[in-house]
Amino acid sequence: MRVRADMPPGHVRTPSYLRGKVGWVERTLGPFPNPEQLAYGLNAQALPLMRVRFSMAEVWGEASESPADTIDAEIYSHWLEPAEAPHAP
């Protein structure tokens, strides 16, 4: 999956350093209220929350000290789009 590269204003829970990066869904955690709506006191739609795993090489490129290591992030489904993703080791 690819994290959308959008940079909208306001309260966003998706780390900017992961936007545009490709990873794979390690697991689905279930539906939870969208914190981007909750932050403004709105009725929050329940969205699937995914644990997405990224290689350090994908996130930091040549600057990565340990390219084979991974980092996990919990990202709501509306931030993810299909991509040619790396396969889980």
Side-chain angles (χ1 to χ4, degrees):
M1 301 299 288
R2 181 179 308 279
V3 180
R4 287 185 10 227
D6 299 350
M7 293 294 205
H11 180 79
V12 178
R13 297 283 304 188
T14 301
S16 60
Y17 66 89
L18 293 176
R19 295 182 199 169
K21 305 300 182 187
V22 175
W24 60 93
V25 175
E26 188 271 331
R27 74 176 109 167
T28 301
L29 301 170
F32 293 92
N34 182 351
E36 295 171 11
Q37 293 171 319
L38 289 174
Y40 296 103
L42 303 173
N43 289 329
Q45 174 185 9
L47 299 172
L49 182 62
M50 314 291 206
R51 180 165 295 147
V52 183
R53 184 163 290 162
F54 303 87
S55 72
M56 294 303 251
E58 172 70 15
V59 176
W60 304 116
E62 291 183 18
S64 175
E65 291 180 15
S66 301
D69 285 355
T70 60
I71 183 172
D72 290 2
E74 295 175 357
I75 301 176
Y76 281 86
S77 61
H78 71 287
W79 273 94
L80 300 172
E81 56 193 19
E84 188 66 33
H87 298 286

Query raised in the report: If Ile, Leu, Val, Met, Phe, Trp and Tyr residues are connected whenever their side-chain heavy atoms lie under 4.5 Å apart, and connections chain through other members, are W24 and Y76 in the same group?
Result: no

Requested in this report: Could you list all the salt bridge (charged side-chain N to carboxylate O under 4.0 Å, His left out) pairs where at least one residue sits in residues 6-32, not counting sequence neighbours?
Outcome: R4-D6

**Report entry** Value rounded to 0.5 Å, distance of CZ in R51 from CG in D72
**Finding:** 6.0 Å

Report task. Applying salt bridge (Lys or Arg N to Asp or Glu O under 4.0 Å), name anything that partners D69, two or more places apart in sequence or on another chain. Result -> none

Report all side-chain donor-acceptor pairs from residues 31-43 shorter than 3.5 Å, counting only partners two or more places apart or in another chain.
| from | atom 1 | to | atom 2 | distance (Å) |
| --- | --- | --- | --- | --- |
| N34 | OD1 | E36 | N | 2.9 |
| E36 | OE1 | H78 | NE2 | 3.2 |
| E36 | OE2 | W79 | NE1 | 2.7 |
| Q37 | OE1 | Q45 | N | 2.8 |
| Y40 | OH | H11 | N | 2.8 |

Query raised in the report: Checking side-chain contact (heavy atoms from CB on, under 4.5 Å) for the pair V59/Y17: CA distance, chi angles, key distance, verdict?
Result: CA-CA 7 Å; V59 176; Y17 66 89; 3.8 Å; yes

Query raised in the report: Would you say R2's side chain and G20's backbone share a donor-acceptor pair under 3.5 angstrom?
Result: yes

Query - Exercise: identify the closest heavy-atom pair between V22 and F54 - result: O-CD2, 3.6 Å

Query raised in the report: Which distance, rounded to the nearest 0.5 Å, do you find between the CG of L49 and the OG1 of T28?
Result: 9.0 Å

Report task. Indicate the atoms forming the closest heavy-atom contact of L18 with V3, along with that distance. Result -> O-CB, 3.3 Å

Report task. Would you give the length of the straight line joining atom CG of L80 to atom CG of L47, rounded to the nearest 0.5 angstrom? Result -> 11.0 Å

Report summary line: The side chain to side chain contact (heavy atoms under 4.5 Å, CB included) partners of A5 (sequence neighbours excluded) come to none

**Report entry** Within residues 58-67 or reaching into it, pairs that qualify as side-chain hydrogen bond (donor to acceptor under 3.5 Å, both in side chains) - sequence neighbours excluded
**Finding:** none

**Report entry** 4.5 Å side-chain heavy-atom contact, V25 and M1
**Finding:** yes

**Report entry** Criterion side-chain contact (heavy atoms from CB on, under 4.5 Å) on E74 and L29, from CA distance to verdict
**Finding:** CA-CA 9 Å; E74 295 175 357; L29 301 170; 3.6 Å; yes

Query raised in the report: What pairs with E81 under side chain to side chain donor-acceptor pair (under 3.5 Å), at least two apart in sequence or on another chain?
Result: none

